[in-house]
Amino acid sequence: MTLRWMNCFTCNARWPKSMKTGLLCILIETNAGLVLVNTGLGTQDYANPTWFTHFFRVITSMPFDSREAAVNRLRNLGYEPKDIRHIILTHMHFDHCGGLPDFPQGKIYVHRREFEVFVKGTRRFMEMAYIKRNNTRITDWSLYESIGEKWYGFDAILLHDFDPQIWLIPLFGHSYGHCGVAIQTPTGWHFHCGDAGVDIENNIAPDWLIATALGPHWPRLRAFAQSHPEVKLTASHMYPGFFAAKDGK
Ligand SMILES: [Zn+2]
């Protein structure tokens, strides 16, 4: 089983300037083919940015380099878009699923609640980050909701297609149907908490800011990671050093 970590969208804060992040996308080799967790921005976002992407470029500092698009990262690893058979989304904000149009043949896995809000829209400020064109050209959606399963005590949804095991872990708050993704590894688990948490080793944001932007789960996730060394906890926006050590390996 191979698991690769890629930075598919560098996005740094203007203040404090020391708050720098890349967006973690995870490539997993499974019995059912290659699985990609989140896509980062896609080639369309670079070629034809929406007003929200322009707005985001003003309030953050980003290289805005299309070489970071998952499809280009994967080509560098020797893969073609058609090799990606499955895409699991933590949620549908533009920086997590903008690359969907680059993988029109992929089957998409997302929580039903997230998909429905994405399609219907809401008045919540954070949902401005939904960019509707990201669901065009793709017809193969698998929508999930809880049926009472648990993973380490978290509400969890087993995605039955895969060996090794992959679970969606509902962590609502940052968006309506936001989920983490737990991936079984040879040594334990990789628990990707998406935008429900931060880079545990390099975080400089105070708890109140995390709770405001990312929802209520971080204290539980942090305590869980500290008490379970066999579980590797990552967030979507990781410090660049994380990728410098792992990207493309
Ligand atoms: Zn988000």
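Whatever order the structure lists them in is the order used to number ligands and atoms, beginning at 1. All values reported here derive from a predicted model rather than from experimental measurement.
Both tests do not hold together for R113 against F118: distance to the six-membered ring centre under 6.0 Å, angle to the ring axis within 45°. Both tests hold for R57 against F64: distance to the six-membered ring centre under 6.0 Å, angle to the ring axis within 45°.
Among the heteroatoms counted here (N, O or S) of D195, OD2 is the one nearest to the Zn ion (ligand 1). For the Zn ion (ligand 1), the nearest N, O or S atom contributed by H93 is named ND1.
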Residue pair D199, E201: steps toward the side chain to side chain contact (heavy atoms under 4.5 Å, CB included) verdict:
CA-CA 6 Å; D199 183 340; E201 287 166 16; 3.9 Å; yes
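Put simply, H174 gets within reach of the Zn ion (ligand 1), with an N, O or S atom under 2.8 Å from it. None of the N, O or S atoms belonging to H178 lies under 2.8 Å away from the Zn ion (ligand 1).
When side chains are defined from C-beta on, Y152 counts as touching W189, because their heavy atoms get closer than 4.5 Å.
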